[in-house]
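For clarity, every value in this text was computed on a predicted model and none was experimentally measured. A, B, ... follow the sequence lines: proteins, then strands. Residue 1 opens every chain. Side chains are part of it too, since the values below use all heavy atoms of this structure and drop only hydrogens, waters and symmetry mates.
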2 protein chains.
Amino acid sequence: MAATIKQVAEIAGVSKATVSRVLNDSKPVRPETRERVLQAIKALDFQPNSTARSLVFKKSRTIGVVITDIANLFVSVLVKGIEKIAFNHGYNIIICNSHGSAEKEIELLLMLHNKQVDGIVFLTSRLKKEHKSFLREASVPISLVNVSYDESNLVGIRIDNSKAAYDITSYFLKKGFTRGGMIRAPLEDQYTGQERFDGYRQALQDHGVPFNEDFVKTGTLDARDGYRIGREIIKENLNLEALFVACDLMAFGTMKAIFDQGLKIPDDIEVAGFDDVPMSSYYHPSLTTVRQPIDKMGRLAAEMVINLIEGKKIDQWEIVLPHEIVLRDSTAKDAYKPLPTPE
Amino acid sequence: MAATIKQVAEIAGVSKATVSRVLNDSKPVRPETRERVLQAIKALDFQPNSTARSLVFKKSRTIGVVITDIANLFVSVLVKGIEKIAFNHGYNIIICNSHGSAEKEIELLLMLHNKQVDGIVFLTSRLKKEHKSFLREASVPISLVNVSYDESNLVGIRIDNSKAAYDITSYFLKKGFTRGGMIRAPLEDQYTGQERFDGYRQALQDHGVPFNEDFVKTGTLDARDGYRIGREIIKENLNLEALFVACDLMAFGTMKAIFDQGLKIPDDIEVAGFDDVPMSSYYHPSLTTVRQPIDKMGRLAAEMVINLIEGKKIDQWEIVLPHEIVLRDSTAKDAYKPLPTPE
DNA sequence: ATATTATAGGAAACCGGTTTCCCCATGTCA
DNA sequence: TGACATGGGGAAACCGGTTTCCTATAATAT
């Protein structure tokens with residue numbers, strides 16, 4: 001059984017208050033007394049009970065993280081960034097998978113809030129009424145990833161998704177392609193999902209290429225669904241020159257389906273993804289994609305929420321990080337460019 | 001500011017004790033009193049402070065999870081399984097990345113222990129003295145994943161790694177290959193790393209194929225290092241017929257390097273991995289590998305630790321789950337077998 | 001030498017719950 | 001009608017820390 005401060009006090013022959021003072025050196029303690037206390041602490045291998053401290057301080061040094069699915073590569077890289085910063089600041093993270101269900105998201109947010117987390121990092125792609133009312137009334141700081149929503153005590157971290165989608169689409173259009181399709185996220189995804197689609201459409205329009213709704217499919221952002229849609233696309237004989245897939249993971253599935261139908265990438269069809277997960281350089285062919293600074297997003301999300309927890313002044317409540325088009329082999333029809341050796 | 005039980009008691013005109021009784025119906029309360037209390041609870045939107053409850057109950061309903069790296073696919077799938085079960089039982093998980101450093105592992109284990117987690121799931125591939133002394137003295141139940149170590153209050157979840165490596169190596173040997181290499185985990189990996197290597201060697205020996213140490217390379221289980229080693233292998237002109245890579249993620253890097261050197265898989269060299277992460281079916285070519293029931297391992301690890309927390313009797317302290325050789329295109333030199341459509 | 005000020009450290013209150021202990025008001029039985 | 005069991009609910013102790021408040025002693029000033 002773990003030792004308590006009372007036991008330490010007893011064997012050191014002092015009061016609990018003195019032990020506490022030694023632990024936190026919150027008030028001066030005579031060196032010889034301090035020594036006795038330290039001896040006692042060592043003898044009992046005493047560690048202060050952090051639950052009791054949390055109760056007094058009303059701080060748990062814990063950050064709640066609500067994500068869609070930890071097994072998704074984008075998410076796990078993000079969480080890694082969050083954890084790194086949190087740990088460096090002495091915080092732990094509690095992670096909860098919502099599996100994309102809005103009801104579960106709400107449930108998790110309330111649960112974390114009730115569990116006395118000091119702050120929350122919330123990754124989502126849509127905000128329903130219940131989300132908004134939670135965000136409005138929450139008494140802890142929150143970092144919202146991928147969503148822009150203006151509310152006090154909220155910081156937003158994201159990239160410009162519609163511009164990013166516009167850029168990658170334009171890359172295809174500049175090659176002269178007129179039959180470029182897209183696999184988009186489900187319609188409920190009001191933010192990233194919708195924005196990327198908007199960017200795609202806008203690019204078509206600005207380049208004077210008519211929008212063809214047959215060229216657009218909707219998938220659930222995982223490899224399995226990417227595969228399903230990839231097969232569909234090939235079977236429908238749409239003769240696409242290029243395909244922009246809203247997420248790398250799904251793109252892998254789609255490419256696999258294309259290969260399984262006997263076509264070649266990029267020779268028969270060029271493919272681009274979105275995210276630049278680590279795997280994208282190692283797929284064969286390596287995947288052209290839109291790089292989000294995922295690690296940085298995670299770190300910033302954690303840093304911001306910690307700053308808010310610790311009462312620091314925030315001057316920027318919405319952070320839009322730069323994206324980057326990373327050209328690789330999946331769109332290199334003309335010249336085969338081998339992957340630059342990862343350092 | 002969140003309401004307290006005292007405020008509820010006041011506006012309901014009862015004592016704190018009565019409110020507590022209503023909340024937990026631990027003792028009968030007159031219906032009309034209960035009603036008044038419930039009204040007050042609703043009026044104040046009162047939620048009992050879980051830190052205070054934890055202090056009384058000496059239970060935090062939290063499980064600590066120490067892993068190497070959440071961005072590793074094997075790990076994130078494992079964690080997903082853990083989280084699922086934990087959530088179903090009303091537990092939260094705190095995750096901590098050790099980045100494979102033994103010192104950090106110890107630090108994290110102690111920290112979690114001190115943070116009053118009710119149990120720990122620990123994924124590691126080696127146990128140093130300090131680990132063992134922690135495991136011996138910890139006052140909370142622990143699930144050890146991937147390691148077999150006999151100690152009270154410890155449950156082990158793993159597959160038979162050496163048999164699994166033996167099986168996949170034998171698959172190559174039965175094809176008549178005599179030049180089959182392996183990329184193994186670092187030497188510090190006493191468990192999974194060493195065991196998989198032992199299985200490889202044993203298979204060679206049992207099939208009368210001499211062991212060639214030039215055919216064995218060591219890598220850090222990530223795609224980047226897999227790439228580095230892949231290049232090395234090709235440059236060394238070892239003329240390997242097959243390559244068994246100790247982890248799928250690393251295998252992807254290795255395959256990429258092989259392609260970048262202008263060789264073909266499986267035509268020029270066959271490759272097999274280990275783990276069967278979801279990505280393995282979607283790589284091109286799909287990867288032959290040893291399937292570990294990762295999700296199940298995570299779920300069992302959580303389930304076991306929860307059973308222990310809740311005082312249930314455990315009859316099996318060491319669980320060795322079955323593995324399975326999954327043959328796919330990366331070893332299908334002879335016949336091209338398209339990927340069976342994922343349902 | 002006396003008055004004043006620091007300093008060390010103890011007692012007790014507090015954080016927000018749960019639970020034991022006890023009392024009071026009923027209801028039941030003889 | 002008196003003795004006794006029963007159920008409801010309040011006061012207080014408790015979980016394990018931190019902090020305020022206060023006192024006794026030592027140090028400094030006059």
According to salt bridge (charged side-chain N to carboxylate O under 4.0 Å, His left out), does anything in residues 48-59 of chain A pair up with another residue at least two apart or in another chain? List the pairs.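 For residues 48-59 of chain A: none.
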Going by distance alone, is a donor N or O of one side chain under 3.5 Å from an acceptor N or O of the other, for A:Thr62 and A:Asn92?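 The criterion, which ignores hydrogens and geometry beyond distance, is not satisfied for A:Asn92 and A:Thr62.
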Are B:Glu105 and B:Thr124 linked by a side-chain donor-acceptor pair shorter than 3.5 Å?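 The criterion, which ignores hydrogens and geometry beyond distance, is satisfied for B:Thr124 and B:Glu105.
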Residues that [X] engages under side-chain hydrogen bond (donor to acceptor under 3.5 Å, both in side chains), provided they are two or more places apart:
{"X": "A:Glu83", "result": "B:Asn97"}
{"X": "A:Lys80", "result": "B:Asp69"}
{"X": "B:Arg21", "result": "none"}

Check every strand shown and say whether A:Ala3 touches a base, only sugar-phosphate, or nothing at a heavy-atom separation below 4.0 Å.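 If one applies the 4.0 Å heavy-atom cut-off, A:Ala3 turns out to touch the sugar-phosphate alone, with no base involved.
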Just to be sure I understand the rule, does A:Thr4 reach a base, reach only the sugar-phosphate, or reach nothing, if contact means heavy atoms closer than 4.0 Å?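 Sugar-phosphate, backbone atoms only, no base.
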Hey, what's the ring geometry for A:Phe134 with A:His113, parallel, tilted or perpendicular (30° and 60° as the breaks)?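 It falls in the perpendicular class, over 60°.
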When you match A:Phe57 and A:Thr51 each to their closest nucleotide on DNA chain D, which lands nearer the 5' end?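 By nearest-heavy-atom nucleotide position, the 5'-most residue is A:Thr51.
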Compare side-chain N and O positions of A:Asn49 against OP1 and OP2 of D:dC15 and report whether any pair is under 4.0 Å apart.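 Checking A:Asn49 against D:dC15: no side-chain N or O falls below 4.0 Å of OP1 or OP2.
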Compute the bend angle of the helix from C:dA1-D:dT30 to C:dA30-D:dT1 from the end axes (five pairs per end), rounded to 10°.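 Helix axis angle between the two ends: 50°.
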Carefully, step by step, assess B:Phe74 and B:Leu221 under the rule side chain to side chain contact (heavy atoms under 4.5 Å, CB included). CA-CA 11 Å; B:Phe74 170 82; B:Leu221 301 183; over 6 Å; no
Taking the side chain of A:Leu55 as heavy atoms from C-beta outward, which of C:dG16, C:dG17, D:dT18 is closest to it?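 Of the options given, the side chain of A:Leu55 lies nearest C:dG16.
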Identify the pairs formed between an N or O of the protein and an N or O of nucleotides 9-13 of chain D at a distance under 3.5 Å, and give each distance.
residue	atom	partner	partner atom	Å
D:dG9	OP1	B:Arg30	NH2	3.0
D:dG9	OP1	B:Thr33	OG1	2.4
D:dG9	OP2	B:Arg30	N	2.9
D:dG9	O6	B:Lys27	NZ	2.7
D:dG10	OP2	B:Ser15	N	2.8
D:dG10	OP2	B:Ser15	OG	2.9
D:dG10	OP2	B:Thr18	OG1	2.7
D:dG10	N7	B:Arg21	NH1	3.3
D:dG10	O6	B:Arg21	NH2	2.7

